[in-house]
Amino acid sequence: MNKEIFDFTVSKTHELIGASSCSSEAKAAAQNWLDAIGTENEAIITKNYIDELEADIMPIENLIGFAESDTGIQMFGLELANNIASHAKKIKSDGAKYCDCPACASAVAIVEKKDDILK
């Protein structure tokens, strides 16, 4: 991958790791990727990282469904769950396909460049 794409991916990876909404699996994959840079395992770990990100990005419909579910309400509390669902419905109406939390936003930004990253 070229330097510009590499620098972008490293930056977004650090954002992802720092996001409170990032899953432990995505954080581990991100750190594994950072640790593998320049090693003989970099290519396979990069592929694994992209696969993990693709699995972790929350489609907007799933976010709405989760926020409105009993589990979502138990996890977030009623007020926050309602706020998340309302926000998700708003961004969906504006054309969003995915959750826009910091972790999903970073993951989407990386995945959008996966063809260049996996070169």
Side-chain angles (χ1 to χ4, degrees):
M1 99 182 71
N2 72 38
K3 181 168 176 23
E4 181 181 326
I5 296 295
F6 174 79
D7 290 346
F8 172 85
T9 306
V10 169
S11 174
K12 289 297 177 183
T13 297
H14 285 291
E15 287 178 20
L16 178 76
I17 290 171
S20 62
S21 55
C22 186
S23 72
S24 59
E25 297 85 2
K27 279 186 186 192
Q31 189 60 58
N32 287 343
W33 179 74
L34 289 171
D35 293 344
I37 293 170
T39 71
E40 64 187 33
N41 297 322
E42 182 176 354
I44 188 66
I45 291 175
T46 300
K47 170 92 173 72
N48 293 343
Y49 179 38
I50 296 296
D51 289 347
E52 180 64 38
L53 294 181
E54 288 178 323
D56 281 12
I57 296 169
M58 176 77 72
I60 197 69
E61 285 296 332
N62 293 14
L63 177 59
I64 293 166
F66 181 71
E68 292 179 334
S69 72
D70 290 340
T71 304
I73 291 168
Q74 288 174 358
M75 178 182 246
F76 299 123
L78 182 59
E79 183 178 353
L80 181 55
N82 286 338
N83 289 344
I84 291 169
S86 294
H87 172 74
K89 288 175 183 178
K90 167 70 172 101
I91 66 171
K92 178 185 175 194
S93 73
D94 291 340
K97 295 179 183 177
Y98 303 105
C99 171
D100 66 346
C101 76
C104 285
S106 294
V108 167
I110 293 167
V111 168
E112 285 177 344
K113 297 188 182 302
K114 77 177 183 177
D115 291 342
D116 293 321
I117 294 168
L118 294 172
K119 283 184 181 177

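No experiment lies behind these values; they were computed from the predicted model shown. Index from 1, following the sequence.
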Are I73 and M58 connected, step by step, through hydrophobic side chains (Ile, Leu, Val, Met, Phe, Trp, Tyr) whose heavy atoms are closer than 4.5 Å?
no
If the threshold is 4.0 Å, N to carboxylate O, is there a salt bridge linking K12 and E112?
no
Over 12 foreign heavy atoms within 6.0 Å of CG, D70
no
Judged by atom type as modelled, is there a donor-acceptor pair below 3.5 Å linking the side chain of S69 to the main-chain atoms of F66?
yes
To the nearest 0.5 Å, what is the distance between CD1 (I84) and SG (C99)?
8.5 Å
Which atom pair, heavy atoms only, marks the closest approach of A30 to T13?
CB-CG2, 3.6 Å
Out of curiosity, does L78 fall in the hydrophobic cluster containing I64 (side-chain heavy atoms, cut-off under 4.5 Å, transitive links)?
no
Find the distance between CD (E15) and CD1 (I110) and round it off to the nearest 0.5 Å.
8.5 Å
Can you check side-chain contact (heavy atoms from CB on, under 4.5 Å) on N82 and E79, steps first, answer last?
CA-CA 5 Å; N82 286 338; E79 183 178 353; 5.9 Å; no
Residue K27 excluded, over 12 heavy atoms near NZ under 6.0 Å:
yes
Is there a continuous path of hydrophobic side-chain contacts, each under 4.5 Å between heavy atoms, that joins Y49 to F8?
no
Please walk me through it: do K119 and N2 pass side-chain contact (heavy atoms from CB on, under 4.5 Å)?
CA-CA 9 Å; K119 283 184 181 177; N2 72 38; over 6 Å; no
Exercise: identify the closest heavy-atom pair between A67 and A81
O-CB, 3.3 Å
May I ask whether V108 and L16 are part of the same hydrophobic cluster, defined by side-chain heavy atoms of I, L, V, M, F, W, Y residues being less than 4.5 angstrom apart, directly or through others?
yes
Spatial distance of atom CD (E40) from atom CD1 (I45) [nearest 0.5 Å]:
9.5 Å
Verify side-chain contact (heavy atoms from CB on, under 4.5 Å) between D116 and E4, making sure each step is shown before the conclusion.
CA-CA 10 Å; D116 293 321; E4 181 181 326; over 6 Å; no
Rounded to the nearest 0.5 Å, how far does CD1 of I91 lie from OH of Y98?
12.5 Å
Please report the closest heavy-atom contact between I50 and V111, naming both atoms and the distance.
O-CG2, 4.5 Å
Taking atom CG of D115 and atom CD1 of I5, what is their separation to the nearest 0.5 Å?
10.5 Å
Can you tell whether the side chains of K3 and D7 come within less than 4.0 Å, N to carboxylate O?
yes
How many angstroms lie between atom NE2 of H14 and atom CD of Q31, to the nearest 0.5 angstrom?
8.0 Å
Determine whether I60 and I57 fall in the same hydrophobic cluster, where Ile, Leu, Val, Met, Phe, Trp and Tyr are linked whenever their side-chain heavy atoms lie under 4.5 Å apart.
no
Show your working on side-chain contact (heavy atoms from CB on, under 4.5 Å) between W33 and V10 and close with a plain yes or no.
CA-CA 9 Å; W33 179 74; V10 169; 3.8 Å; yes
Testing the basics here: between I17 and L34, what is the closest heavy-atom pair and its distance to 0.1 Å?
CD1-CD1, 3.7 Å
